[in-house]
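A short write-up of the structure that comes next.
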Amino acid sequence: MHPTKSTHTQVARTPIAGTQVAIVGAGPAGLFLSHLLHRQGIESIILEHRSREEIEGTIRAGVLEQWVVDLMNGMGLGDRMMREAHFHSGITLRFDRRSHHIDMAELTGGKRVTVYAQHEVIRDLVSSRLEDGGTILFGVSDVQFLDLDGKAPRVRFRRGPDGPVEELRCDFVAGCDGFHGPSRQAIPTATRNEYQMVYPFGWLGILTEAPPSHPELIYANHERGFALLSTRSPEVQRLYIQVDPKDDIANWSDDRIWSELHRRLEDDSGWTLTEGPIFQKGIIAMRSFVCDPMQHGRLFIAGDAAHIVPPTGAKGLNLAVADVLVLSRALTAYYRSGTTEGLDGYSATCLRRIWKAERFSWYMTTMLHRNERESPFEQRVHLAELDYLVQSRAAMTALAENYVGLPME
């Protein structure tokens with residue numbers, strides 16, 4: 001590999017002939033990568049199949065690790081986050097109708113997590129990237145990759161469903177297009193290893209207009225299934241209950257949802273849940289997934305294109321940012337000195353962190369959920385694990401270190 005200068009000299013020109021890094025996907029991975037490259041003087045263009053309104057309006061959970069918050073602030077992207085987010089120094093675990101607070105800040109030397117929804121992060125990143133003169137092409141369709149093994153890969157696409165076919169020349173392609181996007185499929189099946197676990201339960205999530213019931217997240221293991229209390233704003237709260245992933249949301253009236261939330265979340269202290277009108281509800285399935293390797297020729301995949309974690313460990317967005325931070329460092333070294341060491345080792349570097357996050361997310365998920373496929377013995381072991389966890393400073397520290405975010409390499 002040798003650095004080549006893109007022919008893309010004016011970001012906003014039409015048609016667009018080329019760039020240094022073509023980024024497919026305007027989720028957290030693609031947007032963070034574009035910002036990181038811009039700060040190093042490296043050109044990029046983002047291709048996104050959805051509209052701006054869709055990506056900014058799709059409501060997603062968001063728990064940011066300490067280092068991600070620090071990164072956003074260091075990049076000048078964190079002003080609104082610091083005004084509007086919720087900063088949590090701990091979490092509460094509930095089981096056997098007892099509550100146990102895990103003081104993560106005390107256990108990790110002051111680190112905490114920030115509750116700031118993913119769609120809010122995306123709004124901040126899109127707005128800032130466009131203000132910087134960056135190019136994001138929304139409504140793109142029919143994305144194809146050409147000559148990924150060569151020195152001049154191309155991305156073929158249409159603007160809109162009926163637009164003419166265009167080709168974007170580039171030095172590298174970053175596939176940040178999610179689990180169902182075309183990027184991962186461009187890695188040959190002969191060299192692509194995929195590891196997956198599909199869980200026999202899902203989450204029914206609601207958004208409700210109500211004040212916070214508790215200052216921090218509550219994770220509850222209950223005989224009727226897992227429950228989670230989170231927050232979005234002083235007026236909007238996010239809550240989840242474990243359900244059959246194949247269940248029909250029509251079977252869940254608002255009254256039935258609140259009844260289950262009360263049963264699963266309340267303890268013997270007298271604390272109670274504050275109800276409000278439910279304005280969004282839906283059921284999501286849960287899986288763990290990893291693709292290895294995360295690169296092929298001049299294609300590098302990141303975020304949900306490369307891995308999925310169950311939301312119990314709050315790692316999805318954070319892993320995406322970690323991927324593209326590694327990739328941006330490797331690309332910067334390449335353009336500055338021609339070295340390919342970082343690019344060659346991209347998969348190995350990312351996967352070390354990914355598998356640790358997969359382990360933690362699996363640990364939290366299996367410990368807190370009720371799995372009907374498990375024996376009563378196994379279910380009692382999970383309760384014993386919880387009981388041990390809240391009695392052991394070492395175990396609480398291990399959980400806290402993983403939850404607030406392991407150090408970046």
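Quantities reported herein were computed from a predicted structural model and do not represent experimental measurements.
The number of heavy-atom neighbours closer than 6.0 Å to CZ of Phe179, taken from other residues, nucleotides and ligands shown, is above 12. By the 6.0 Å contact criterion, CH2 on Trp362 is open, its count of non-hydrogen atoms from other residues, nucleotides or ligands being 12 or less. Within a 6.0 Å radius of CZ in Arg380, no more than 12 heavy atoms belonging to other residues, nucleotides or ligands are found. By the neighbour-count criterion of 12 heavy atoms within 6.0 Å, atom CZ of Phe377 is sparsely surrounded, having that number or fewer from other residues, nucleotides or ligands. Taking a 6.0 Å sphere around CD of Gln280, one finds it holds more than 12 heavy atoms contributed by other residues, nucleotides or ligands. Within 6.0 Å of atom CD in Gln196, more than 12 heavy atoms from other residues, nucleotides or ligands are found, so the atom counts as buried in its surroundings.
Between atom CG of residue Leu265 and atom CG of residue Leu228 there is a gap of 8.0 Å, rounded to the nearest 0.5 Å. To the nearest 0.5 Å, the span separating CG on Asn251 from CZ on Arg256 amounts to 6.5 Å.
Here the options are Glu385, His382, Arg370, Arg94, the test is side chain to side chain donor-acceptor pair (under 3.5 Å), and the partner is Asn221; only Arg370 passes. Residue Ile91 forms a side chain to side chain contact (heavy atoms under 4.5 Å, CB included) with just one option from His101, His100, Glu216, Met104, and that option is Met104.
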Using the rule given for ring pair (Phe, Tyr, Trp, His ring centres under 6.0 Å), can you reason through Tyr199 versus His369, listing the C-alpha separation, both sets of side-chain angles and the distance that settles it, and then say yes or no? CA-CA 10 Å; Tyr199 296 89; His369 288 72; 7.8 Å; no
Ring pair (Phe, Tyr, Trp, His ring centres under 6.0 Å), that's the test. Do Phe289 and Tyr195 meet it? Break it down for me. CA-CA 6 Å; Phe289 174 84; Tyr195 305 88; 8.8 Å; no
Evaluation steps, side chain to side chain donor-acceptor pair (under 3.5 Å), between Ser347 and Gln295: CA-CA 7 Å; Ser347 290; Gln295 60 194 99; 2.9 Å; yes
Where do Arg336 and Tyr334 land on the side chain to side chain donor-acceptor pair (under 3.5 Å) test, with the steps shown first? CA-CA 6 Å; Arg336 285 182 178 174; Tyr334 170 78; over 6 Å; no
Would you please test Asp267 and Ser269 for side chain to side chain donor-acceptor pair (under 3.5 Å) and show each step? CA-CA 6 Å; Asp267 61 7; Ser269 70; 2.6 Å; yes
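Salt-bridge annotation for Arg353 and Glu65: present, with a side-chain N of the basic residue lying under 4.0 Å from a carboxylate O of the acidic one.
Using a 4.5 Å heavy-atom cutoff, the side chains of Thr135 and Thr19 are not in contact. In this structure, Pro200 and Asn371 have side chains that are in contact, with non-hydrogen atoms separated by less than 4.5 Å.
Note on ring orientation: taking the six-membered ring where Trp is involved, the planes of Tyr219 and Phe226 are tilted (angle from 30° to 60°).
At least one donor-acceptor pair under 3.5 Å links the side chain of Arg298 to the backbone N or O of Asp171. Judged by distance alone, with hydrogens and angles left aside, the side-chain atoms of Lys111 form no donor-acceptor pair with the main-chain N or O of Ser89 at under 3.5 Å. For Gln242 (side chain) and Gly225 (main-chain N/O), no donor-acceptor pair under 3.5 Å exists by modelled atom type.
Annotation: ring pair (Phe, Tyr, Trp, His ring centres under 6.0 Å) contacts of Phe138 (sequence neighbours excluded): none. Taking the side chain to side chain donor-acceptor pair (under 3.5 Å) definition, one finds that Thr366 meets it with nothing, sequence neighbours left out. By the side chain to side chain contact (heavy atoms under 4.5 Å, CB included) test, Ala117 pairs with His119, Glu120, Arg232, sequence neighbours left out. Residues satisfying the side chain to side chain donor-acceptor pair (under 3.5 Å) test with His222, not counting sequence neighbours, are none. Met81 meets the side chain to side chain contact (heavy atoms under 4.5 Å, CB included) test with Leu64, Val69, Met72, Asn73, Ala85, Thr114, Tyr116; sequence neighbours excluded. Among residues two or more places apart in sequence or in another chain, the side chain to side chain contact (heavy atoms under 4.5 Å, CB included) test is passed with His38 by Arg129, Asp132.
The closest side-chain donor-acceptor pair between Glu266 and Thr272 falls under 3.5 angstrom.
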